[in-house]
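What's counted below: heavy atoms across the whole structure, side chains too, no hydrogens, waters or symmetry copies.
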Amino acid sequence: MTNRTGKLIEGATGKWEVVIGLEVHAQVLSKAKLFSGAATAFGAAPNAQVSLVDAAMPGMLPVINEFCVEQAIRTGLGLNAKINLVSVFDRKNYFYPDLPAGYQISQYKQPIVGEGVVLVDMPNGETIEVGIERLHLEQDAGKSSHDMHPSLSFVDLNRSGIALMEIVSRPDLRSGEEAAAYLKKLRTILRYLGTCDGNMDEGSMRADVNVSVRKPGAEYGTRCEIKNVNSMRFVQIAAEYEARRQIDLIEGGGKVEQETRLFDSRTGETRTMRSKEEAHDYRYFPDPDLLPLEFEQALIDRIKASLPELPDARKQRYVSQFGLSPYDAGVLVSDAETAAYYEEVAKGRDPKIAANWVTGDLFAMLNRLNLSITQSPVSAANLGALIDLIADNTISGRIAKDVFQIMVETRDAPGAIVEARGLRQVTDTSAIEAAIDAVIAANPDKVAEVAAKPKMAGWFVGQVMQKTGGKANPAVVNQLLAKKLNLPG
Ligand code: ADP
Ligand code: MG
C-alpha cells in the first residue's frame with residue numbers, strides 16, 4: 001500500500017485526499033476468441049463471428065486458446081508481475097440478455113497473474129509507483145442495442161467470448177490526473193507487448209474507476225465504482241467529479257454508500273446505476289468444463305526471453321546512451337512508432353539535436369495537422385537529411401525552419417528544396433562583406449551608436465541577414481561585423 005499523499009482538495013471542513021484504483025478491461029490481441037475459434041475482428045456484421053460455444057448452445061464445450069494464455073503471461077511479465085503456474089477458471093453467474101450462458105467464465109480466487117508494479121511519470125517530474133493487484137482472463141459479453149427499433153431490442157454476439165484481461169490496480173492513485181496518466185502508461189506497455197491494441201474508441205480498453213475520499217492520514221473511505229469509462233480524459237473528469245461529489249456529500253452531513261455509478265460524458269457527471277453487488281451474489285464456482293490452467297516455468301522463461309525492449313528500459317537507454325533528459329526520453333518512448341521514428345533520425349547523428357527536432361518542430365506540426373507519427377508528411381529519412389544540411393553548414397538553423405515548412409507542404413527531400421529554391425547558406429565572405437558595407441554606408445548614425453554600445457551589433461546582424469535573405473552564415477557575419485565596426489572580440 002502506498003502512503004504517498006497526493007495533491008489535496010479544499011473542502012468546507014479542510015483538506016481532502018482522493019484515493020483511486022482502476023480495474024482495466026483490455027481486449028487480448030488475438031485472431032480467435034478465448035474458448036472458441038470464432039474471429040474477433042472489429043466492425044464485422046452483427047452476429048457474423050459467433051460459434052456455437054459463444055452462443056451457449058447446450059452441450060457445447062469451451063476449449064482454451066493457448067495464444068490468449070500466452071498473451072496474458074506476456075502482459076503479466078510486462079507489468080513486472082508474478083505469473084501463477086496454476087490458475088483456475090470460474091463461472092461468475094449473472095443474467096444479461098447479451099450473456100446467453102447465464103454466466104461469464106472468469107478467474108476469481110486463482111488468477112493467472114499476481115502482484116506487479118507500473119511506474120508512471122507525471123508532468124511535474126515525479127515518478128509514481130502503482131501496485132498491480134492481479135490480472136485475470138475472462139470472456140467478454142455480447143452487446144445489446146435498445147435504440148434501433150421502437151419496441152424491439154437487438155443482441156449482437158460478435159463480442160461474446162472474446163478474451164479480456166482484467167488488470168486490477170491497488171488504490172495507489174491520488175488524483176484524476178494520476179489515474180489518466182496510469183491508464184496511458186498501461187496502454188503504452190500493452191501496445192509495446194502487442195497484447196492489446198489499446199484502441200479505446202473501439203472499446204478495446206475500458207476502465208472501471210474506483211474513487212473514495214478521506215482526510216489525510218485517515219483510513220480509506222467508502223468507494224464508488226464508475227463503470228466502463230472509455231478515454232483517458234473521461235477517467236480524469238469522472239474521478240474529479242466523483243471526488244467533489246463525495247466531499248460535498250460528507251460535508252453536508254451525508255454518507256457515501258458503496259455503489260456502481262455511470263459516467264455521462266456529455267455532462268461530465270456520474271450517477272447511480274446500482275448498489276454494489278458482493279462476490280457471493282455471483283455464486284462463483286470452478287467451471288467444471290475446464291481443467292485448471294497449469295504450465296511450467298520453462299514456458300514463462302521462453303516468453304520472457306522473447307519480450308521486446310519495454311518503455312521503461314528504452315527510456316533509461318535514451319537517457320544513458322543518448323544523454324536525453326528524462327522528460328524528452330519519456331515523451332519519445334511513449335509509443336513504439338515514435339521511438340522507431342526517433343531512432344531512425346538519430347542514427348549516426350547527434351541524438352540530442354534529433355530529439356529537439358522530433359519533440360519540437362515535428363510534434364508541433366503533427367499536432368497542428370492532427371496527424372499521427374505514422375502519417376507524418378516528413379519522413380524520418382528526410383528529417384535526418386535536413387539535420388545533416390545544418391551540420392555541414394549547407395543551410396543555417398533559421399533557414400532550416402523554412403525548409404521544414406516546405407517539406408511539410410511538398411513532402412520533398414530537403415536537399416532538393418534547398419537547391420531548387422537557392423537556399424544554400426552564403427559563406428562567401430565577399431558577398432557578405434558587400435552586404436555589410438551597404439548597411440554601414442546607409443546607417444552612419446547607428447555606426448556612431450554602436451561604438452558606445454557594442455550590444456547594438458545585433459541590429460547590424462539583423463540587417464545583414466535581411467539583405468541576404470537570411471542565407472548568410474551567422475558566424476561569418478558576426479566575425480566580419482566585429483572587424484568592420486572595430487568591436488571588441
Ligand atoms: P471488488 O472485488 O469488490 O471489486 P477490490 O478489492 O478488488 O474490490 O477492488 C477493486 C478496485 O477498487 C481496485 O482497483 C482497488 O484498487 C480499488 N479500491 C479498493 N478500495 C478502494 C478505496 N477505498 N478507494 C478507492 N479505490 C479502492
Ligand atoms: Mg472487482
* Asked: Heavy-atom count around Lys184 NZ within 6.0 Å, excluding the residue itself: above 12?
  -> no
* Is NZ or CZ of Lys92 both nearer than 6.0 Å to the six-membered ring centre of Tyr284 and within 45° of the ring axis? -> no
* To do: Give a yes or no on whether Arg317 atom CZ has more than 12 heavy-atom contacts from other residues, nucleotides or ligands under 6.0 Å away.
  => yes
* To do: Quick one: pull up NZ in Lys185 and CG in Asp312 and give me the separation to the nearest 0.5 Å.
  => 3.5 Å
* Within a radius of less than 6.0 Å around CG of Asp301, do more than 12 heavy atoms belonging to other residues, nucleotides or ligands occur? -> yes
* Asked: At what distance, to the nearest 0.5 angstrom, does OG1 of Thr338 lie from CZ of Phe363?
  -> 5.0 Å
* Structure fact -> Smallest heavy-atom separation, Met165 atom then Cys196 atom, equals CE-CB, 4.5 Å
* **Phe285, CZ atom: more than 12 neighbouring heavy atoms under 6.0 Å** => yes
* Asked: Counting heavy atoms not belonging to Gln297, are there more than 12 under 6.0 Å from its CD?
  -> yes
* Asked: Taking the six-membered ring where the residue is Trp, are the ring centres of Tyr103 and Tyr94 under 6.0 Å apart?
  -> no
* Structure fact -> Separation between OG (Ser320) and NZ (Lys315), nearest 0.5 Å, reads 12.0 Å
* **Tyr318 and Tyr342 aromatic centres sub-6.0 Å** => yes
* Taking all heavy atoms of Pro111 and all of Lys109, pick out the closest pair and write down the distance. => CD-O, 3.3 Å
* Asked: To the nearest 0.5 Å, what is the distance between CD (Gln107) and CD1 (Ile112)?
  -> 6.0 Å
* Please determine, by modelled atom types, if Glu251 and Trp16 share a side-chain donor-acceptor pair under 3.5 angstrom. => yes
* Asked: To the nearest 0.5 Å, how far apart are CD in Gln110 and CZ in Arg134?
  -> 10.5 Å
* With sequence neighbours excluded, tell me which residues meet side-chain hydrogen bond (donor to acceptor under 3.5 Å, both in side chains) with Lys401. => Asp361
* Do Gln27 and Asp140 have a side chain donor and acceptor closer than 3.5 Å? -> no
* To the nearest 0.5 Å, tell me how far Met200 CE sits from Asp197 CG. => 11.0 Å
* Side chains of Thr270 and Leu262: does their closest heavy-atom pair fall under 4.5 Å? -> no
* To do: Using a strict cut-off of less than 4.0 Å between a Lys/Arg side-chain nitrogen and an Asp/Glu carboxylate oxygen, indicate whether Lys82 and Glu115 qualify as a salt bridge.
  => no
* **No-hydrogen, no-angle side-chain donor-acceptor test under 3.5 Å, Ser144 and Asp98** => yes
* Can you check side-chain contact (heavy atoms from CB on, under 4.5 Å) on Gln71 and Glu66, steps first, answer last? -> CA-CA 9 Å; Gln71 290 286 62; Glu66 191 179 336; over 6 Å; no
Enumerate, atom names and distances included, each donor-acceptor pair closer than 3.5 Å involving a side-chain atom of residues 36-51, sequence neighbours excluded.
from  : atom 1 : to     : atom 2 : distance (Å)
Ser36 : OG     : Ala38  : N      : 3.3
Ser36 : OG     : Ser51  : OG     : 3.3
Ser36 : OG     : Asp54  : OD1    : 3.1
Ser36 : OG     : Asp54  : OD2    : 3.1
Thr40 : OG1    : Ser30  : O      : 2.6
Thr40 : OG1    : Lys31  : O      : 3.3
Asn47 : OD1    : Leu157 : N      : 2.7
Asn47 : ND2    : Val155 : O      : 3.1
Gln49 : NE2    : Ala39  : O      : 3.4
Gln49 : NE2    : Ala41  : O      : 3.1
Ser51 : OG     : Val53  : N      : 3.2
Ser51 : OG     : Asp54  : N      : 3.3
Ser51 : OG     : Asp54  : OD2    : 3.0

